[in-house]
Amino acid sequence: MSTTTEDGGKKERNVPKPVFTDAEAGSQEFPSSTSRSYNYFTPAKRRASVYEDVTFDVQPDPERHLTQGWIYGFADGSSGYPKEWTALKSTDWHQFRDPNEEWEQTIYRNNANVVRQVQHNIANAKAAHSFAQWNRNWVDIVAKHVSAFAHGEQGIGMYVYTPAQRDAPTNMINNALAVGAVHKLRFAQDIILYNLDLSEEIESFDGQAHKETWQSDPVWQGVRRNIEQLTATRDWAEAFFATAVVYEPLVGELFRSGFVMQVAALQGDFTTPTLMGSGESDTAREQRGARALFGMLAEDPEHGEANKATMRDWLAAWTPVSVEAARLLQPIWSQLSEKAVRFEDSLERSQARFEGLLSDIGIETPKEAQTV
Amino acid sequence: MSRASITKAHTKIQELSWDPTYVEPVEKYATDYTFEKAPKKDPLKQVLRSYFPMEEEKDNRVFGAMDGAIRGNMFRQVQERWMEWQKLFLSIIPFPEISAARAMPLAIGAVPNPELHNGLAIQMIDEVRHSTIQMNLKRLYMNHYVDPAGFDISEKGFANCYAGTIGRQFGEGFITGDAITAANVYLTIVAETAFTNVLFVAMPGEAAANGDYLLPTVFHSVQSDESRHISNGYSIILMALADERNRQLLERDLRYAWWNNHCVVDAAIGTFIEYGTKDRRKDRESYAEMWRRWIYDDYYRSYLVPLEKYGLTVPHDLVEESWNRIWNKGYVHEVAQFFATGWFANYWRIDAMDDTDFEWFEDKYPGWYDKYGKWWEKYSELGVRNGHNPIAFEAEANYEYPHRCWSCMVPCLIREDMVVDEVDGQVRTYCSETCHWTDAVAFRPEYQGRPTPAMGKLTGKREWETLYHGMDVADIMTELGYVRDDGKTLVPQPHLDLNPKKMWTLDQVRGNTLQSPNVLLNEMSKEDRDKHVAQYKAGGPAGRPAPAPAEA
Ligand SMILES: [Fe+2]
Ligand SMILES: [Fe+2]
């Protein structure tokens, strides 16, 4: 049982006096004395990045160096990281690199920066008493709708991306999904803790209203259904695709950028958009990963056509779900007295983003996917 | 953030969860455990808003220490004997770390407690941190230590060496099979709560004693996340204990997980600490002493035994037998000797033991010299490149190459304890009764008459030697890729001398044929096999074959 503190530091033992061993690089010449790079994988560029070095092949693969095979199986006999856990196929899953090159240092640096930025903005707003400027209507929208949105983000982080990072066949993919998961969880928490701050700052702010809104306000039931269906999807690539490629542009961005970031300032709110912006930039990172992964699979020399057909099937299944979710959100736009932005314009922008993503991946927008 | 505001924030984030109504929950990872009646238990409170900056701060200290070590030329005073074993250790450990990340959804899916899910998700990203920070430490070693060979093929070596496979259980065991068996009992209740002490506290202490102060910096930073993980696991086991039907499974899994962790972790870490160190001061604790304190007292007596008040029977007999193997049966010494016997198939160099070492061992483990001293003298003698074969292939070493345990994959080194049985149509050898039970009884779709449809299976080519049966050692080493950049000098060496003329090459190992003890055993007639097994079990300690029985 651990007896260390949260800060580390068990009682240090006294150690012997240092002795000079001359065991530093270059002190002798012999075979391999200059072999100073991991030589068991081929880097994407000429030299391996730190990210590749610390990520590649940590999760072994019988198709690479794993000679004795996986040594534990599930009850059905499948073992390790079964390639059958998605309908998509690849001639070499290990080609995928996370375009964000996430590893320990980037994960903590980026997220800590976001946390500091968000807290800083909220503290400034408090100091300037700027929450007092909000009109009653906007207070209500933030309490209900902006806060309800956090549930969906939590659902994606915990029950879509977190299981997905167990399931993909390479460490490169799984680590990227794990980072996506904590982005979502952090963002969901940031929203709900912002809600807590607002409850303390604004007398009329109902800090509990979001629960009822999420659970039963008809405006949110399409989104909730979409999220719940994503959490019940067993194929990890389908879940990632339906989230990052379909849901995010059509629903997530529609609400974050298409609504909150467009209208908040006109309501005297300069804080909520910066918070939403952090969710938006996280999402953009996950979409870079999705573009790289699904693009690679669409271009696969052997399975590309079949993969594209599978992705088209997924689009046919998921686009209507997300379009429905988006359309049900429309009344929120109408709750504002001065119309800063029309719902149809926001949706059109989302549709364009969606089509852009699909064309980057290399698949055309099917007709079921026409939102406008 | 103050404690009060963390509590308030923690309570607030619980509002994020909801009960789905549009879909039936899917069981993504199967378990035979049930949590319907479980009262919810609170894990440690943690909010991502304070978590990320806290960890970033810890990282900055680690990176600062790394810069300092390079500027201060730490490697001028590290012991090569120690650093060589890091080629094995640091090739294995990033995989268990990342596997722990992958295990989190297994626990999340099984346990209906959203509050706990938050703690488990933070553990997931902690483990990504641990895995990549350790890979980065190894990269630094590769760049700055005198002999990078072995570090340069690290993850490949992990994937194709028998020693990597032994270590891989401590990782694969977290992510495959029954979700609770894997992600709670094996990973958290046993591996993290019991064995991270020797991994993350004993190892750093030994590293520092051998001139390496970077490993302690990184591993203490890793260990500081561990109390949260232990708390997650403890909440889950308490929830499981609330349902009578789980008790039988918990008792099975504690037996399996305890024993497998003992077999694997004590083999590896015991060897690193006892045979990888140059620190032979009498007041430095032996691995046995550390084990007694951290595992027996701190874990077994203070953590495991108190669980009995919930009606659980903990595996007292196996804890005692583990100690018996370490203290009386020479488990760690037998394993270290086996690693050194098998040097020709490794990807690191192994130093011989000298008189200073002998004296220390004799002091710490009375009777050690009579058992192991002669063999280590032979190892020094046969480590010299002068025309003979690797020690494993020289009869004068007086060492019978061992059978391998089908379950834990450490060889059956305590010869008298070996169990032989025909399981799944194959004659298999096991290091112990419990390892036999693990394969023949525990990892099956039925346990004590009750269906256990979610229980995992032992799979794979579990006896490494089977892959190379009848092959020449030079060809094996070429195939494994354990050859240096001149195309002939081996990565592993039975000594630390880097003079190219003294280093073994493919030429010195060519002409030796590897045989699989398991293949040979299966080829024997029943009668021959019984004789062979009786003879084998009469052998030891230190692998000494028993005298041949007098012919009737
Ligand atoms: Fe860890
Ligand atoms: Fe065993």
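Proximity to chain A is limited to the side chain of B:M409, based on heavy atoms less than 4.5 angstrom apart. Contacts of B:F200 with chain A are absent, with no heavy-atom separation under 4.5 Å from either backbone or side chain. Proximity to chain A (any heavy atom under 4.5 Å) is shown, for B:M142, by both the backbone and the side chain. Both the backbone and the side chain of B:A101 come within less than 4.5 Å of a heavy atom in chain A. Looking at A:I227, the atoms closer than 4.5 Å to chain B (heavy atoms on both sides) all sit in the side chain, from C-beta outward. Of the atoms belonging to B:Y51, it is side-chain heavy atoms, and not backbone ones, that fall under 4.5 Å from chain A. Contact of B:T452 with chain A is not made at all, since no heavy-atom distance falls under 4.5 Å. Contacts between B:P25 and chain A at a heavy-atom distance below 4.5 Å are absent for every atom of the residue. Heavy atoms of A:R64 lying under 4.5 Å from chain B are absent altogether. If you measure heavy-atom distances from A:Q215 to chain B, the contacts under 4.5 Å come from the side chain alone. For B:P453, the part lying under 4.5 angstrom from a heavy atom of chain A is the backbone only. With a 4.5 angstrom heavy-atom cutoff, B:Q134 does not touch chain A via any of its atoms. The parts of B:I13 that come within reach of chain A are both its backbone and its side chain, each placing non-hydrogen atoms under 4.5 angstrom from that chain. Using a 4.5 Å cut-off between heavy atoms, B:M503 contacts chain A through its side chain alone, with no backbone atom that close. Heavy atoms of A:T233 lying under 4.5 Å from chain B belong exclusively to its backbone. Heavy-atom distances place both the backbone and the side chain of B:L458 under 4.5 Å from chain A. Heavy atoms of B:L106 lying under 4.5 Å from chain A belong exclusively to its side chain. Contacts between B:N73 and chain A at a heavy-atom distance below 4.5 Å involve the side chain alone, from C-beta outward. There is no contact between A:N226 and chain B, counting heavy-atom distances below 4.5 Å.
Between the side chain of B:R484 and the main chain of B:V491, a donor-acceptor pair closer than 3.5 Å is present. In terms of modelled atom types and a separation under 3.5 Å, the side chain of A:N111 and the main chain of A:I107 share a donor-acceptor contact. One N or O on the side chain of B:R284 and one on the backbone of B:D279 form a donor-acceptor pair closer than 3.5 Å. The main-chain N or O of B:K28 is found under 3.5 Å from a side-chain atom of A:R234 such that the two form a donor-acceptor pair. A donor-acceptor pair under 3.5 Å is formed between the side chain of A:D61 and the backbone N or O of A:E63. A donor-acceptor contact shorter than 3.5 Å is absent between the side chain of B:R228 and the backbone of B:L44. Side-chain atoms of B:N160 come within 3.5 Å of backbone atoms of B:L480 as a donor-acceptor pair (strictly under, hydrogens ignored). The backbone N or O of A:P43 sits nowhere less than 3.5 Å from a side-chain atom of A:E52 that would complete a donor-acceptor pair. The backbone N or O of B:V128 lies less than 3.5 Å from no partner atom in the side chain of B:S131, so there is not a single donor-acceptor pair. Although no hydrogens or angles enter the test, the distance criterion places no donor-acceptor pair under 3.5 Å between the side chain of B:T217 and the main chain of B:V62.
Your options are A:Y81, A:Y51, A:W103, A:F56, and the one with the most heavy-atom pairs under 4.5 Å with chain B is A:W103. Here A:I192 is the residue among A:V182, A:V115, A:V179, A:I192 with the most heavy-atom pairs under 4.5 Å with chain B. Interface remark: of the candidates B:N143, B:T489, B:N60, B:N143 forms the most heavy-atom pairs closer than 4.5 Å to chain A. Here B:R102 is the residue among B:M135, B:R102, B:K488, B:K156 with the most heavy-atom pairs under 4.5 Å with chain A. Contact count against chain B (heavy-atom pairs under 4.5 Å) is highest for A:Q165 among A:R186, A:Q165, A:M158, A:Q154. Per-residue counts of heavy-atom pairs under 4.5 Å with chain A were compared for B:G173, B:A103, B:P94; the largest is that of B:G173. Each of A:S32, A:P18, A:A164 has some count of heavy-atom pairs under 4.5 Å with chain B, and the biggest count is that of A:S32. Interface remark: of the candidates B:V222, B:I108, B:N118, B:N118 forms the most heavy-atom pairs closer than 4.5 Å to chain A. Ranking B:P105, B:G460, B:S99 against chain A, the residue ahead of the rest is B:P105, based on heavy-atom pairs under 4.5 Å. Contact count versus chain B (heavy atoms, under 4.5 Å) is highest, among A:D190, A:D167, A:N110, for A:D167. Ranked by non-hydrogen atom pairs under 4.5 Å with chain A, the options B:D486, B:V26, B:I125 are led by B:I125. Ranked by heavy-atom pairs under 4.5 Å with chain B, the list A:K17, A:Q221, A:E153, A:Q229 is led by A:Q221.
Around NZ of B:K8, the count of heavy atoms belonging to other residues, nucleotides or ligands within 6.0 Å does not exceed 12. No more than 12 heavy atoms of other residues, nucleotides or ligands lie within 6.0 Å of CZ in A:R109, so this atom counts as exposed by the packing criterion.
For the pair A:R166 and A:W236, the cation does not sit on the ring face, since its NZ or CZ is not both under 6.0 Å from the ring centre and inside 45° of the axis.
Applying the side chain to side chain donor-acceptor pair (under 3.5 Å) criterion to A:S78, with sequence neighbours excluded, gives A:D76. Residues meeting the side-chain contact (heavy atoms from CB on, under 4.5 Å) test with A:N39, sequence neighbours left out: A:S35, B:D152, B:I153. By the salt bridge (Lys or Arg N to Asp or Glu O under 4.0 Å) test, B:E155 is found to be paired with B:K138, residues two or more places apart in sequence or in another chain being considered.
Contact residues of residues 170-177 of chain A toward chain B are A:N171, A:N174, A:N175 (heavy-atom distance under 4.5 Å).
Under the 6.0 Å cut-off for aromatic ring centres, A:Y159 and B:W18 do not qualify, their centroids lying 6.0 Å or more apart. If you look at B:F158 and A:H65, their ring centroids are not closer than 6.0 Å.
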Verify side-chain contact (heavy atoms from CB on, under 4.5 Å) between B:I122 and B:L48, making sure each step is shown before the conclusion.
CA-CA 8 Å; B:I122 296 178; B:L48 288 168; 3.8 Å; yes
Given side chain to side chain donor-acceptor pair (under 3.5 Å), test B:R129 with B:S221 step by step and report yes or no.
CA-CA 10 Å; B:R129 169 176 190 263; B:S221 187; 2.8 Å; yes
Show your working on side chain to side chain donor-acceptor pair (under 3.5 Å) between A:T67 and B:K461 and close with a plain yes or no.
CA-CA 8 Å; A:T67 48; B:K461 298 170 184 139; over 6 Å; no
